[in-house]
Amino acid sequence: MYNYVDLDTINFDGEPPVDDTARQFYYMAGCKEIIDKKTKEIGRKLTACVKTFGCQMNSRDSEKLIGILEEIGYMIIEDEKADFVLYNTCTVRENANLKVYGHLGILQNYKKKNPDMKIALCGCMMQESHVVEKIKKSYRFVDVIFGTHNIFKFAELLYNNLTSNRMIVDIWQDTDKIIEDLPVERKYSFKSGVNIMFGCNNFCSYCIVPYVRGRERSRAPEDIVNEIKKLVADGVVEVMLLGQNVNSYGKNLENPISFADLLKLIEKIDGLERIRFMTPHPKDLSDDVIEVMKNSTKICKQMHLPLQSGSSRILKLMNRHYTKETYLELVKKIKASIPDIAITTDIIVGFPGETEEDFEDTIDVVRQVGYDSAYTFIYSKRTGTPAAIMENQVPENIVKQRFDRLLKEIQIVSNQNTLKGVGNVEKVLVEEVNKQQEGYVTGRLSNNTVVHFEGSMDLIGKIVNVRLNEAKGFYYLGTIEE
Ligand code: 5AD
Ligand code: SF4
């Protein structure tokens, strides 16, 4: 944990401060007083469980929420039978929404047995008004609801609930605020996500993100660099720079700066070993970024370049602003510049009107690029997006068949890539003890491929040389080299 402020030094009797960060520390002190009292009453620590759905942005947000919960006196546990349960939700696909409603049913039963239990919901799903209406009507036992734009207000909202026992709902439509310096509790000691920007201006026609995460806002480069320096001082060796479209980083700042220049600043940070980023949009990945990557010793040899579809006709309907041909050109340029780079992607199957011919274009791109791995999604209709009212929604059975065919293709090309690495000695960041095989650890290559090898816990967080002995589909088995 860093950004530590001793809450006992905060005078909670006065008026709440106006400055956003100071105000939240003030409410943290208020929450802590209540939680401490309750802890004494029941003779044990209160427990809290945070469940995260969705992407790395949400994971990073959850680390911030956990930081606050720990600061005010909760003990974090995995079990949802906790005194406080928070769901950080995702709404990018319908499935994610359904999961949350399912979980809420279970929580209601837990709350019947533990009436002091608190339940909070936040994240992208809460930015949709029909969701909040449904929860207010049918899930009255929820205590706190907030959205993506005001997660920094968590302590204040929780305090309001703890002191009133009423359902607190606070959803903002958008924001230009970026609140710095609140507590964070990282999941991993040696690697961390770092937000460089929030929101998205692209409005891909299938995607709900611009509606629930608002317009693009970039953090100031000095705030990003300072955060990374603090992380490095705290043991972090790898950062993942996070943004919905990192290529447009810095454009809306008072002193504009490009993503390529931000990368150069971060490269200079002593003690930082690895830099990753996601997600670059293929429509505006600049030559400068490719050049910086080529010359960098820290930026990892991986480019996540979401394709979505290989058909130029579908890409136009998706509002992606590139074609099959320009995408392939871009990949060619990247590979020519950085030959050992791994290219990974996101693909949607079954976008409205997708024909067999369109789908074959997607397969063709998969073969031509030879992805190292790909996240594949079945198109999910999101109310409020332009694609939701497009005609020719593709029948489910056809989508499933295409999805399976796509998975097979990806497996073939990615296995071929993994095979090419056998025999090489690579630098590997050791991430965890292998859960399947005792005496083994698991780490990642610069290109993000996983490798398992014999080793012990004390290697976690270290970068070691590993010989890749055997390719097993998506991953390797290896041995450590002295
Ligand atoms: N249906 C299916 N997949 C989607 N994605 C975004 N919106 C949808 C949707 N409506 C996928 C895209 C994006 C990834 C994060 O989620 O592939 O890159
Ligand atoms: Fe969604 Fe497109 Fe923005 Fe990515 S770039 S978050 S797919 S709208």
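Below, each value reflects all heavy atoms present in this structure, side chains not excepted, and no hydrogens, waters or symmetry copies. Indexing begins at 1, ligand by ligand and atom by atom, following the structure's order.
Taking a 4.0 Å cut-off on heavy atoms, I378 registers as neighbouring ligand 1. R320 counts as a contact of ligand 2, since one of its heavy atoms falls under 4.0 Å from the ligand.
Listed by number with element, the atoms of ligand 2 under 4.0 angstrom from any heavy atom of P210 are 8 (S). Residue-ligand proximity, R382 to ligand 1, at heavy-atom distances under 4.0 Å covers atoms 10 (N). Ligand-side atoms of ligand 1 in range of Y379: 1 (N), 2 (C), range being under 4.0 angstrom from any heavy atom. Numbered from 1 in the order shown, with element, the atoms of ligand 1 that lie under 4.0 Å from a heavy atom of I348 read 3 (N), 4 (C), 5 (N), 12 (C), 17 (O).
Relative to the ring axis of Y188, K191 places its NZ or CZ within 45° and under 6.0 Å from the centre. The cationic group of R405 does not satisfy the cation-pi geometry with F359, failing either the under 6.0 Å distance to the six-membered ring centre or the 45° limit from the ring axis. The cationic group of K177 does not satisfy the cation-pi geometry with F198, failing either the under 6.0 Å distance to the six-membered ring centre or the 45° limit from the ring axis.
Y87 is listed as a side-chain neighbour of H103, based on a closest heavy-atom distance under 4.5 Å. Within the 4.5 Å cutoff, no side-chain heavy atoms of Y375 are placed close to those of T344.
The shortest contact between atom 1 (N) of ligand 1 and any protein heavy atom is with S380 N, 2.9 Å. The protein atom (non-hydrogen) at minimum distance from atom 4 (Fe) of ligand 2 is Q244 O, 4.4 Å. With respect to atom 14 (C) of ligand 1, the closest heavy atom belonging to the protein is D346 OD2, 3.5 Å. In this structure, the protein non-hydrogen atom closest to atom 3 (Fe) of ligand 2 is C200 SG, 2.3 Å. Looking only at heavy atoms of the protein, atom 5 (S) of ligand 2 is closest to N202 ND2, 3.5 Å. For atom 2 (Fe) of ligand 2, the closest heavy atom belonging to the protein is C204 SG, 2.3 Å. When hydrogens are left out, the protein atom nearest atom 17 (O) of ligand 1 is Q308 OE1, 2.6 Å; that is the closest non-hydrogen contact. Atom 7 (S) of ligand 2 has Y206 OH, 3.4 Å as its closest protein atom, hydrogens excluded (heavy atom only).
Residue contacts with ligand 2 for P306 are absent, since no atom lies close enough (heavy atoms, distance under 4.0 Å). When non-hydrogen atoms are compared, ligand 1 lies under 4.0 Å from the backbone of V92 as well as from its side chain. Contacts between R93 and ligand 1, counted as non-hydrogen atom pairs separated by less than 4.0 Å, involve the side chain only.
In this pair, Y327 and Y322 present their aromatic rings tilted. The plane angle is within the 30 to 60° band. Between Y74 and F84, the ring-plane angle classifies as tilted under the 30° and 60° cut-offs.
For the pairing with K283, the side chain to side chain donor-acceptor pair (under 3.5 Å) check across N319, N247, N202 returns one residue only, N202.
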From CA spacing to verdict: side-chain hydrogen bond (donor to acceptor under 3.5 Å, both in side chains), S296, E267: CA-CA 7 Å; S296 165; E267 174 97 17; 2.5 Å; yes
Steps toward side-chain hydrogen bond (donor to acceptor under 3.5 Å, both in side chains) verdict (D372, S414): CA-CA 5 Å; D372 289 77; S414 72; over 6 Å; no
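When atom types are taken as modelled, the side chain of T148 and the backbone of C124 share no donor-acceptor pair closer than 3.5 angstrom.
For atom 2 (Fe) of ligand 2, the N/O/S atoms of C207 include none lying under 2.8 Å.
Ion pairing between a basic and an acidic side chain is recognised when a charged N comes within 4.0 Å of a carboxylate O; E185 and K64 show no such pairing.
When only interatomic distances are considered, the shortest N/O to N/O separation between Y206 and ligand 1 falls below 3.5 Å.
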